[in-house]
Amino acid sequence: MNRRENVQRLLSPKSIAFIGGRDMAQAIRNCEALGYEGEIRVVHPKYDELAGYPCYSSVADLPEAPDAAFVGVRRELAVEIVSELAARGAGGCVCYAAGFAELGEEGRAWQQELVAAAGEMALVGPNCYGLLNYLNGVALWPDVHGGGRIERGVALVSQSGNVSLNLTMTQRSLPLSHVISIGNQAVLGLGDYVDALVEDPRVAAIGMYIEGIGDVAGFGHAAVRALEKGVPLVALKAGTSELGTRITLSHTSSISEPDDLYSALFERLGIVRAGSLTAFAETLKLLSVPEPPESGRLAVLASSGGDSALFADLACSTELEIPGFEEAQSTALREQLGSFASVSNPLDYNTAVWGDREELRRCFTTVMEGNFDVAVLTLDYPRPGCGECDPWDAAADALVASSKSAGMPAVVASTIPELLPEDVREKLLAGGVVPLQGLPEAVAALAGAAWYGERCREILADEPERLVPTSPGVATETVRSLDEPESKRRLAAFGLRIPEGKISTAADAPRVAASIGFPVVVKLVDHEIAHKSEAGAVALGLDSVEAVRRAVEKIGANGEGQFLVESMVTGTVAELIVGVKRDERFGLALVIGSGGTLVELVGESTTLLLPTSRREVERELDSLKTSHLLAGFRVGPEGDREATVDAIMAVVAFARKHHDRIEELEVNPLLILPRGKGAVAADALIRMQPE
């Protein structure tokens with residue numbers, strides 16, 4: 001069988017072999033506790049039995065090739081056993097041993113041997129806990145865990161063993177279908193696990209704890225398949241990881257951090273990014289239900305003005321909407337809640353109906369008759385021992401009933417995580433209502449689900465496979481910097497507008513300036529100077545022959561060298577930086593940000609992976625604060641937005657044409673003129689391999 005088929009054998013095995021010493025007893029007991037119904041066999045050359053199972057002396061003595069194996073032996077022996085399993089035709093194994101690539105050069109050599117030994121066999125790890133399949137009762141896991149059998153849930157794929165273990169222990173009613181600690185990813189990468197898990201209709205969503213992605217293209221293809229199958233992906237990215245040497249010649253690399261590439265990848269592929277471990281868990285919980293909310297128009301119900309205000313404040317920092325009620329709803333709610341009630345969304349339904357199941361159901365149903373996508377009830381239970389909880393149960397029951405009758409998704413959100421007891425959570429889930437714990441986490445989950453729904457529709461309406469980034473690899477030739485005139489000339493050939501200008505000697509610069517027309521800009525031509533302002537190699541706004549002569553003498557060290565004399569562009573509305581940088585894993589990335597001298601002071605930028613589309617560029621441009629200037633900030637003129645996008649797409653076209661040779665490109669500043677006047681590249685830098 002090929003590796004893809006072997007991954008499926010490993011995840012849902014009909015037979016398991018445990019290979020190792022007494023430590024294997026816990027893993028075997030885990031399988032038994034989960035009710036695993038397949039064959040369990042144990043291999044040890046010296047023991048007669050382990051955990052009640054007779055031991056085979058070697059892999060060769062097993063009666064048949066196992067679908068899955070847990071290899072819990074030291075590094076040197078692990079390579080040998082993996083080779084024997086592969087020779088027998090085993091589906092896959094968990095390699096528990098450490099001491100491989102995580103330890104440096106010697107470990108990397110051992111890991112290469114391990115990969116060669118595995119061949120087409122699927123291998124999890126090394127240096128990992130293993131995997132749990134709570135759907136089938138499989139536990140290739142040598143430690144305690146907190147999960148149990150389930151019929152449907154969310155899968156967790158984690159590059160941290162401890163994070164994966166802890167998530168099985170949460171008191172959050174997170175329904176886990178699989179937990180896979182992937183370790184060093186010697187054989188199987190993150191994309192391989194996603195690719196396999198989306199084939200199981202019982203997997204509602206997949207959560208990924210990521211420290212780094214090796215095969216970005218492979219992961220991209222798997223993410224597209226998940227989109228097409230309607231399986232949401234949620235990522236918790238830790239750290240920023242070094243993705244290559246920072247290039248200091250341009251501003252582009254200094255304003256775009258390595259983590260921006262991951263954000264761009266997740267945005268591109270419709271992957272929800274969680275900001276914390278608790279938000280990660282709550283988002284997965286919300287996406288685990290059969291019909292999670294796909295848009296962000298919320299009806300918010302609260303029995304407290306404080307809860308209402310806190311929720312509204314948090315929601316306002318996201319793309320969620322809390323629209324008002326229709327007039328008929330407002331009238332009905334005033335009648336139900338009394339004249340002293342303030343009827344608005346969020347709705348403080350107050351003590352008028354508190355504890356009254358029928359009146360609560362009537363109120364909640366009235367609210368759900370509006371044009372909303374999901375109803376949210378904030379609810380905090382008292383701690384155990386503080387009295388009867390019937391009034392709180394009444395609100396929860398009313399929400400379940402109203403959600404069913406209105407056909408609207410609903411969630412309960414506690415303001416404090418621990419104030420939603422387990423029995424209440426389970427009752428809500430059984431009624432089709434998702435219990436979310438903690439207001440920040442609840443808002444993050446709702447925003448993530450709504451974003452996924454909108455983004456998924458956008459992607460599937462396009463060509464999803466186009467979104468998979470392609471890597472140009474590592475530069476094989478010496479990279480050289482083009483000077484400004486050559487950089488501009490090459491970009492102009494792709495449609496980028498540049499100022500009128502000529503290259504001149506020092507002596508001829510005043511005459512050239514007069515022929516162009518004042519005011520002019522004079523710059524020293526030198527491919528080694530990237531930042532001319534800092535180097536004193538540029539003079540702006542020169543309005544006479546004498547001014548040009550003085551500038552040339554000051555810039556050119558006794559008037560030597562060549563100079564670029566250009567028409568001075570005036571009347572700008574805004575300035576942008578448009579750059580392209582190259583990463584050996586992610587390929588080419590387009591960076592758009594605030595330009596000119598403010599580029600590093602303001603540091604506002606957005607990153608897109610290439611190839612990209614005009615629509616994606618427009619969306620990212622609109623995400624910048626600079627876009628307010630293009631729209632005519634306060635009394636200022638509108639900028640030429642169409643020409644701005646044209647200019648950015650010209651840079652994109654150049655980068656795509658030279659994708660195998662370009663190292664870095666920067667246009668800074670791109671001067672945006674009033675609407676109808678265009679956009680002009682005032683300066684440009686290209687670094688690329690020679691023809």
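Starting from 1, each residue takes its place in the sequence as its number. Keep in mind that the numbers below use all heavy atoms, side chains included, and drop hydrogens, waters and symmetry copies.
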Grab the two heavy atoms, one from [X] and one from [Y], that are nearest each other, plus how far apart they are.
X	Y	value
A681	L670	N-CD1, 3.9 Å
P126	L123	N-CD2, 4.2 Å
L665	F654	CD1-CD2, 3.4 Å
N162	Y129	N-CE1, 4.0 Å
G191	A222	O-CB, 3.3 Å
S158	S160	OG-O, 2.6 Å

Dump the intermediate steps for side chain to side chain contact (heavy atoms under 4.5 Å, CB included) on L630 and D622, then the final yes or no. CA-CA 9 Å; L630 300 184; D622 289 342; over 6 Å; no
Would you say the side chain of [Y] lies within less than 4.5 Å of the side chain of [X], judging by non-hydrogen atoms?
X	Y	value
P464	L460	yes
R490	M688	yes
V667	D683	no
V216	I213	yes
R614	I648	no
E321	L298	no
S181	S164	yes
I210	Q159	yes

Please report the C-alpha distance between E566 and K488 in whole Å, then the side-chain angles of each, then the deciding distance to 0.1 Å, and finally whether the salt bridge (charged side-chain N to carboxylate O under 4.0 Å, His left out) criterion is met. CA-CA 12 Å; E566 288 184 327; K488 284 181 170 176; 2.7 Å; yes
Spatial distance of atom [atom1] ([X]) from atom [atom2] ([Y]) [nearest 0.5 Å]:
X	Y	atom1	atom2	value
L197	E199	CG	CD	10.0 Å
L491	R497	CG	CZ	15.5 Å
Q689	D660	CD	CG	7.5 Å
L496	I498	CG	CD1	7.5 Å
L610	L588	CG	CG	5.5 Å
T644	I592	OG1	CD1	10.0 Å

Give a yes or no on whether the backbone of [Y] and the side-chain of [X] come within a donor-acceptor separation of less than 3.5 Å.
X	Y	result
T318	L320	yes
E282	Q437	yes
K285	R172	yes
S487	I686	yes
D373	R297	yes
E616	L608	no
K229	D200	no
D192	G189	yes
S276	A279	yes
D483	D526	no

One thing to verify: whether [Y] and [X] come together as a salt bridge, which I'm taking to mean a side-chain N less than 4.0 angstrom from a carboxylate O.
X	Y	result
R480	E486	yes
E484	K523	yes
K581	E663	no
K625	E604	no
D259	R273	yes

State whether the number of non-hydrogen atoms from other residues, nucleotides or ligands found under 6.0 Å of [X] atom [atom1] is greater than 12.
X	atom1	value
R656	CZ	no
R225	CZ	yes
E618	CD	yes
E228	CD	yes

Please test L188 against I182 for side chain to side chain contact (heavy atoms under 4.5 Å, CB included), starting from the C-alpha separation and ending with a verdict. CA-CA 8 Å; L188 299 177; I182 62 180; over 6 Å; no
If you apply the rule salt bridge (charged side-chain N to carboxylate O under 4.0 Å, His left out), what do you find for E211 with K237, and how did you get there? CA-CA 6 Å; E211 293 172 357; K237 172 66 177 61; over 6 Å; no
Output, in order, the C-alpha distance, side-chain angles, deciding distance and verdict of side chain to side chain contact (heavy atoms under 4.5 Å, CB included) for R108 and F100. CA-CA 6 Å; R108 281 192 288 272; F100 290 90; over 6 Å; no
Are E102 and N184 close enough, and set up right, to give a side chain to side chain contact (heavy atoms under 4.5 Å, CB included), and what steps lead you there? CA-CA 7 Å; E102 77 276 8; N184 291 10; 2.7 Å; yes
With V234, the side-chain contact (heavy atoms from CB on, under 4.5 Å) member among V154, I206, V272: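 Considering V154, I206, V272, a side-chain contact (heavy atoms from CB on, under 4.5 Å) with V234 is found only for V272.
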Taking atom types as modelled, is there a side-chain donor on R661 or H658 under 3.5 Å from an acceptor on the other?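 The criterion, which ignores hydrogens and geometry beyond distance, is satisfied for H658 and R661.
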May I ask you to check whether F280 and Y209 place their ring centers less than 6.0 Å from one another?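 Not close enough - the centres of the two rings lie 6.0 Å or further apart.
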